[in-house]
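Read through the structure below, which is laid out as structure tokens, and then see the notes.
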Amino acid sequence: MSGVNEIRSAFLDYFEKNGHERVASSPLVPRNDPTLMFTNAGMVQFKNVFTGLEKRPYSRATTAQKVVRAGGKHNDLDNVGYTARHHTFFEMLGNFSFGDYFKDVAIELAWNLTTKEFGLPKDRLLVTVFSEDDEAAALWKKIAGLTDDRIIRIPTSDNFWTMGETGPCGPCSEIFFDQGESVAGGPPGSPDEDGDRFLEFWNLVFMQFDQVDAETRLDLPRPSIDTGMGLERMAAILQGVHSNYETDLFRTLISAAEHAIGSVAAGARLASHRVIADHLRATAFLIADGVLPSNEGRGYVLRRIMRRAMRHARMLGAEEPVIYRLVPTLVSEMGRAYPELGRAEALIAETLKLEEKRFLQTLDRGLALLAEATEGMSVGAQLSGETAFKLYDTYGFPLDLTQDALRQRGIAVDLDAFNTAMQRQKAEARANWAGSGEAATENVWFPIRERVGATEFLGYGTERAEGQVVALVRDGAEVAAAEAGEDVSIVVNQTPFYGESGGQLGDTGVMRGDGVEIVVSDTRKFAEGLFVHRAKILGGSVRVGAALDLEVDHRRRSQIRANHSATHLLHEALREVLGSHVAQKGSMVAPDRLRFDFSHPKPIEAGELAEIERIANGVILQNAPVDTRLMAVDDAIASGAMALFGEKYGDEVRVVSMGTAEAGEKAGRPYSVELCGGTHVRATGDIGLVHVVAESGVAAGVRRIEALTGEAARGHLLDQEQRVRRMASTLKVSPAEVAERLEAIVEERRRLERELAEAKKKLALVGDGGGSSSGAAPQEVAGVAFVGRVLEGVSPKDLKGLVDETKAQIGSGVVALVALADGKASVVVGVTPDLTGRFDAVSLVRAASGAIGGKGGGGRPDMAQAGGPDAGKAGEAIAAVEAAMLG
Ligand code: SER
């Protein structure tokens with residue numbers, strides 16, 4: 001009997017043999033289709049190939065595609081566990097023709113695989129066709145030799161496949177397996193078709209149309225083929241079991257759960273075991289593709305799936321987290337076909353364990369409340385909406401979990417009242433927003449946020465994705481469309497553009513769509529999770545509802561990543577070198593540089609800075625992978641992650657770790673561990689190099705470092721080096737000798753300056769001072785010796801010394817010296833001690849001061865000084881002193 005893994009291989013081998021390219025499954029989060037919540041069929045990744053928008057080097061392909069049908073158009077969540085075949089996650093095997101073969105070859109390939117390779121007996125098979133599709137009916141008759149009663153015409157949408165509201169679509173033909181009379185049910189199209197006897201296992205879609213919007217359906221350029229076979233169903237058929245859950249893969253998963261929980265999968269417990277096995281797969285594959293539990297969008301669908309499984313585990317008696325322990329079994333069963341599962345194994349297990357731990361804290365109390373509220377209720381009764389809302393809001397019970405819990409008792413939930421309570425909560429949130437500072441200037445965003453929900457950020461995993469425009473804002477008001485040349489803010493349902501936060505600048509890039517080209521100059525976040533792209537329409541126009549291809553400027557984002565990761569490394573290195581008092585006070589991560597402010601009481605010494613840089617670069621050289629995990633805030637902080645004091649964190653946080661500590665008490669553990677929502681390099685080596693270019697103080701007790709990484713750091717160091725080379729060549733020494741030579745030159749210069757000052761003073765005393773009494777020798781004024789000079793190039797501060805020297809030279813007399821500097825004049829008058837009885841230096845200097853526009857002056861009888869703005873009147877100042885001496 002073929003196991004699931006062999007059947008998958010057999011299918012792919014068969015189509016590969018028949019000229020099909022074997023293509024890997026695309027992720028569960030569609031990158032090329034913003035209208036889909038999850039990849040819900042094998043053709044999703046080929047959507048643009050069918051419409052002709054995208055070209056591939058092959059025209060036939062085959063895949064085993066991961067599919068989730070929960071939330072969105074195809075939603076099977078409510079039924080899982082209670083039927084033989086519903087799944088939230090399953091694998092769809094498919095073969096595709098992109099304008100290559102059409103109906104005849106598709107039917108022939110399917111028939112041969114089914115009857116020859118898989119060996120299903122022809123008399124157990126029948127098919128359906130769309131009622132108008134005579135061609136398909138005739139082909140089945142001719143190729144498979146089926147009689148008319150085994151080719152059933154169905155007029156309903158069952159035989160017209162659409163992926164969603166829009167996209168490629170067409171009539172289809174399904175192949176059914178008759179499980180035999182022992183199973184109840186009638187053939188498709190009959191009144192009891194819902195019975196399980198006739199099992200549909202393969203859907204051949206004859207892709208002919210492209211549903212552009214509700215009104216427009218265009219012909220596809222070339223008719224194509226899209227088929228989908230549920231692997232789990234085919235396994236059930238080939239293994240001769242009635243339920244998918246009895247196939248080898250599910251039996252292995254269920255048996256692992258039986259052991260982990262200590263509960264046998266039988267009787268009333270069967271459904272719970274099936275729920276757990278199914279939901280484990282959906283959870284693991286979604287997390288591996290980048291979805292993490294949250295309260296909105298895809299993350300909330302995942303949370304609903306996880307919590308539903310957890311309630312069932314609790315019903316089976318599990319008191320501790322247990323589902324995470326099943327992950328290794330899943331990885332060993334499916335990891336070979338889907339290597340991403342193995343790569344994400346730790347993340348899957350940790351995320352599950354965390355969610356289990358958190359939910360178990362409220363689950364029992366919630367269940368008790370539910371039991372109390374429904375006590376005595378019988379089939380057909382309704383649980384009040386208020387209670388359902390309380391379970392949702394206080395105990396974390398998603399609505400469908402409550403419905404699931406009441407399902408077996410036939411009790412419904414008052415949905416209207418539940419929705420009213422939900423609206424009331426939203427109104428309260430709105431009132432809170434209105435009170436926040438942000439609301440005053442940016443209140444245009446709140447109604448949008450409420451209407452469209454938080455933007456889903458895809459930028460941790462991809463820099464390019466499609467998004468659907470959900471709002472346009474121009475000049476502060478919502479608009480339906482924007483035209484070429486206009487500046488507009490664009491909100492999309494999902495985006496790879498990072499919105500500025502945590503110091504990291506917002507992304508820039510381009511958006512393209514049907515004839516429209518847009519440049520994004522910044523991305524911001526408003527109203528708790530609404531990403532707003534500041535953009536300019538270069539050409540064409542864009543409307544709300546349009547799908548756009550969103551592409552982040554890769555080069556700029558890579559630089560930002562490097563700078564952000566380097567910031568973490570510097571932060572830790574600062575703590576290591578300066579002490580654990582270092583705490584982040586601010587940070588700016590731009591593409592061209594990073595800036596980090598932190599508490600530290602004094603400037604960092606050059607030696608410390610060099611050590612910090614050396615350590616950070618050591619971790620870069622480790623080229624260690626950067627690891628991101630989701631954790632409960634308390635656990636993250638308890639595990640030593642650095643968190644910012646006063647920062648608001650959600651219940652769960654991203655924890656970014658990088659490098660390995662080589663010594664100290666952390667040896668062997670991650671070097672840096674921080675709570676961070678930013679984007680980071682994949683491995684530390686991607687930073688290249690970090691170099692601190694500035695250290696300064698920004699406030700009391702707060703220092704700032706600025707640094708460069710990668711190419712910018714290299715460029716900076718190269719410039720420095722070139723500067724040194726230039727200096728070396730000017731100094732005519734080798735670069736290594738520049739510093740020493742420069743010190744010698746500076747020292748020599750100091751000496752020369754000193755000597756020059758001395759020489760000038762001497763020169764001033766002996767040379768022609770330019771005063772009214774010129775010449776070296778003193779004059780006689782009022783019967784005493786008088787020296788009066790105007791000195792240029794002498795500093796005012798040297799003036800008193802010069803007056804003293806001159807007084808000493810003449811022995812007895814009066815000296816008046818004027819120095820000119822910076823357009824101003826300074827005067828010092830000295831009187832030798834023997835003459836202070838006749839002349840007062842203070843009165844004499846005041847006379848001089850008057851001449852140069854000064855305001856008096858002061859000093860002692862033997863030495864006084866003054867200053868004034870009129871440097872040009874220096875000579876008159878000397879004359880004024882003479883006049884004053886003469887009385
Ligand atoms: N798209 C079709 C389906 O999902 C066939 O692959 O059934």
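What you see is a predicted model; the values in this text were computed from it and never measured. What's counted below: heavy atoms across the whole structure, side chains too, no hydrogens, waters or symmetry copies.
- Side-chain contact between Met306 and His279 is absent, with no heavy atoms from C-beta onward closer than 4.5 Å.
- Phe201 and Leu120 get closest at one heavy-atom pair: CZ-CD1, 4.2 Å.
- Between the side chain of His273 and the backbone N or O of Gly81, no donor-acceptor pair lies under 3.5 Å.
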Please tabulate, for side-chain N and O atoms in residues 369-379, each donor-acceptor pair with protein atoms closer than 3.5 Å (sequence neighbours left out).
from   : atom 1 : to     : atom 2 : distance (Å)
Thr374 : OG1    : Leu370 : O      : 2.8
Thr374 : OG1    : Ala371 : O      : 3.4
Thr374 : OG1    : Arg409 : NH1    : 3.0

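- Of the possible donor and acceptor atoms, none in the side chain of Arg251 sits under 3.5 Å from a partner among the backbone N and O of Tyr245.
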* To do: Carefully, step by step, assess Phe285 and Phe89 under the rule ring-ring contact (aromatic ring centres under 6.0 Å, His included).
  => CA-CA 8 Å; Phe285 277 96; Phe89 170 91; 4.3 Å; yes
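- Evaluation of the side chain to side chain donor-acceptor pair (under 3.5 Å) rule for His312 yields Ser272, Asp404 as partners, not counting sequence neighbours.
- Legend: residues meeting ring-ring contact (aromatic ring centres under 6.0 Å, His included) with Phe359, ordered by chain and number and at least two apart, are Phe397.
- In terms of modelled atom types and a separation under 3.5 Å, the side chain of Thr128 and the main chain of Glu174 share a donor-acceptor contact.
- Taking the six-membered ring wherever Trp is involved, the centroid distance between the rings of Phe198 and Phe176 does not fall below 6.0 Å.
- Applying the ring-ring contact (aromatic ring centres under 6.0 Å, His included) rule to Tyr324 yields no partners; only residues at least two apart in sequence or on another chain are considered.
- The pair Arg85-Asp196 counts as a salt bridge, with a side-chain nitrogen and a carboxylate oxygen less than 4.0 angstrom apart.
- Using a 3.5 Å distance cut-off with no hydrogens or angles, the side chains of Thr114 and Trp202 do not pair a donor with an acceptor.
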* **Verdict with supporting geometry, Asp364 and Arg314, salt bridge (Lys or Arg N to Asp or Glu O under 4.0 Å)** => CA-CA 9 Å; Asp364 279 343; Arg314 184 77 192 88; 2.8 Å; yes
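- Here the CG atom belonging to Asp178 is positioned 9.0 Å from the CG atom belonging to Leu125, to the nearest 0.5 angstrom.
- By the side chain to side chain donor-acceptor pair (under 3.5 Å) test, Arg153 is found to be paired with Asp134, residues two or more places apart in sequence or in another chain being considered.
- Residue pairs satisfying the salt bridge (Lys or Arg N to Asp or Glu O under 4.0 Å) criterion with at least one member in residues 261-277, sequence neighbours excluded, are listed as follows: Glu246-Arg274.
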